Amino acid sequence: MRTIKFRGSTVQDSNWVYGCLVYSEAYAPFAKHVDYAEIITDNGTKHEVWVDTIGQFTGVKDVNDQDIYEGDIVLPVKFKDKPNDVEYMSNGFYRTTYHKGKQYFNPLGSCQIKVIGNAYD
């Protein structure tokens with residue numbers, strides 16, 4: 001069974017929290033005036049998080065056994081000079097990179113990778 005969890009940067013202090021993503025009428029995801037949603041952590045604590053920092057757990061871990069989330073920046077172990085962004089596309093999570101004006105993508109998990117940061121830090 002796959003684990004479904006999210007992370008987001010808190011509105012209050014920009015700390016990262018991990019857990020269940022909650023949307024309600026007050027946190028409508030497509031309303032342009034709403035900037036935040038809620039994540040409920042494992043201990044039941046609710047945290048308001050910035051919508052544009054929310055990323056879903058991909059179900060894949062890096063070479064250091066660290067969870068990989070949408071929005072992470074990863075480095076393939078074999079090709080250390082090309083950082084990749086982790087993105088969700090229509091049918092799954094991919095590593096994407098640009099080279100000479102073209103976008104390249106590979107399925108996440110197709111090679112060993114290491115998380116080196118995320119797009120929001």
Side-chain angles (χ1 to χ4, degrees):
M1 185 170 169
R2 97 184 154 109
T3 302
I4 299 174
K5 59 183 176 179
F6 294 84
R7 73 165 178 205
S9 178
T10 60
V11 171
Q12 182 179 11
D13 55 16
S14 297
N15 286 329
W16 289 98
V17 292
Y18 302 81
C20 179
L21 180 63
V22 178
Y23 280 119
S24 67
E25 289 297 318
Y27 301 106
F30 301 109
K32 294 184 187 285
H33 64 279
V34 176
D35 295 328
Y36 48 87
E38 285 183 337
I39 287 183
I40 301 174
T41 59
D42 288 344
N43 66 6
T45 306
K46 291 181 182 180
H47 299 272
E48 288 184 337
V49 297
W50 297 109
V51 168
D52 57 354
T53 67
I54 295 170
Q56 184 176 356
F57 174 52
T58 64
V60 178
K61 294 182 180 253
D62 76 352
V63 294
N64 296 322
D65 204 37
Q66 180 177 338
D67 291 348
I68 300 173
Y69 285 83
E70 179 181 13
D72 276 341
I73 300 169
V74 296
L75 193 62
V77 173
K78 195 172 185 181
F79 306 103
K80 295 182 180 182
D81 61 334
K82 299 273 187 215
N84 296 186
D85 297 322
V86 176
E87 297 181 34
Y88 181 81
M89 295 184 180
S90 62
N91 61 349
F93 292 98
Y94 290 84
R95 296 181 294 113
T96 64
T97 190
Y98 289 88
H99 182 69
K100 295 183 179 180
K102 291 186 179 182
Q103 184 179 24
Y104 295 90
F105 57 94
N106 291 294
L108 191 63
S110 61
C111 72
Q112 289 186 320
I113 54 178
K114 178 181 178 181
V115 175
I116 59 171
N118 73 57
Y120 314 108
D121 285 340

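Since this is a predicted model, take the numbers as computed values, not measurements.
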(request) Answer yes if Val51 and Leu21 sit in the same cluster of Ile, Leu, Val, Met, Phe, Trp and Tyr residues linked by side chain heavy atoms under 4.5 Å apart, and no otherwise. (result) yes
(request) Mind running side-chain contact (heavy atoms from CB on, under 4.5 Å) on Lys82 and Leu75 for me, showing each step along the way? (result) CA-CA 7 Å; Lys82 299 273 187 215; Leu75 193 62; 5.7 Å; no
(message) Taking the ring centre of each residue, are Tyr18 and Tyr69 less than 6.0 Å apart?
(response) yes
(request) Spell out, yes or no, whether Tyr94 and Val60 are grouped together once hydrophobic residues are joined by side-chain heavy atoms under 4.5 Å, including indirect joins. (result) no
(request) Find the distance between OG1 (Thr58) and CZ (Phe93) and round it off to the nearest 0.5 Å. (result) 6.0 Å
(request) Would you give the length of the straight line joining atom CG of Asn84 to atom OG1 of Thr97, rounded to the nearest 0.5 angstrom? (result) 5.0 Å
(message) Looking at Ser9, is its backbone amide N or carbonyl O close enough to the side chain of Thr53 to form a donor-acceptor pair, meaning the two atoms are under 3.5 Å apart?
(response) yes
(request) Quick one: closest heavy-atom pair of Gly8 and Ile39, and the distance? (result) N-CD1, 3.4 Å
(message) If the threshold is 4.0 Å, N to carboxylate O, is there a salt bridge linking Asp72 and Arg7?
(response) yes
(message) Angle between ring planes, Trp16 versus Tyr120, binned at 30° and 60°: parallel, tilted or perpendicular?
(response) tilted
(message) Would you say CD of Gln103 has more than 12 non-hydrogen atoms from neighbouring residues, nucleotides or ligands within 6.0 angstrom?
(response) yes
(request) Following the transitive rule for hydrophobic clusters with a side-chain heavy-atom cut-off under 4.5 Å over Ile, Leu, Val, Met, Phe, Trp and Tyr, establish whether Tyr88 and Val115 coincide in one cluster. (result) yes
(message) Would you compute the distance between atom CD of Gln56 and atom CD1 of Ile4 and round it to the nearest 0.5 angstrom?
(response) 6.5 Å
(message) With side-chain contact (heavy atoms from CB on, under 4.5 Å) as the criterion, how do Cys20 and Glu38 come out once you've worked through the C-alpha distance, each side chain's angles and the decisive distance to 0.1 Å?
(response) CA-CA 8 Å; Cys20 179; Glu38 285 183 337; over 6 Å; no
(request) Might you point out which heavy atoms bring Glu48 and Tyr36 nearest each other, and give the distance in Å? (result) OE2-CE1, 3.6 Å
(request) Rounded to the nearest 0.5 Å, what's the gap from SG on Cys111 to NZ on Lys78? Could you check? (result) 9.0 Å
(request) Rounded to the nearest 0.5 Å, what's the gap from CD on Glu70 to CZ on Phe57? Could you check? (result) 13.0 Å
(message) Can you give me the closest heavy-atom contact between Ile73 and Pro83, atom names plus distance?
(response) CG2-CB, 4.0 Å
(request) Check step by step if side-chain contact (heavy atoms from CB on, under 4.5 Å) holds for Thr45 and Ile40. (result) CA-CA 5 Å; Thr45 306; Ile40 301 174; over 6 Å; no
(message) For a quick test of reading the model, state the closest non-hydrogen atom pair linking Leu108 to Ile113 and the distance between them.
(response) CD1-CD1, 3.5 Å
(request) For atom CG of Asp13, decide whether the heavy atoms of other residues, nucleotides or ligands shown that lie under 6.0 angstrom number more than 12. (result) yes
(request) Measure the spacing between CD1 of Ile68 and NZ of Lys61 and express it to the nearest 0.5 Å. (result) 9.5 Å
(request) Report the C-alpha separation of Arg95 and Val74 in whole Å, then their side-chain angles, then the decisive distance to 0.1 Å, and conclude whether the side-chain contact (heavy atoms from CB on, under 4.5 Å) test is met. (result) CA-CA 8 Å; Arg95 296 181 294 113; Val74 296; 4.2 Å; yes
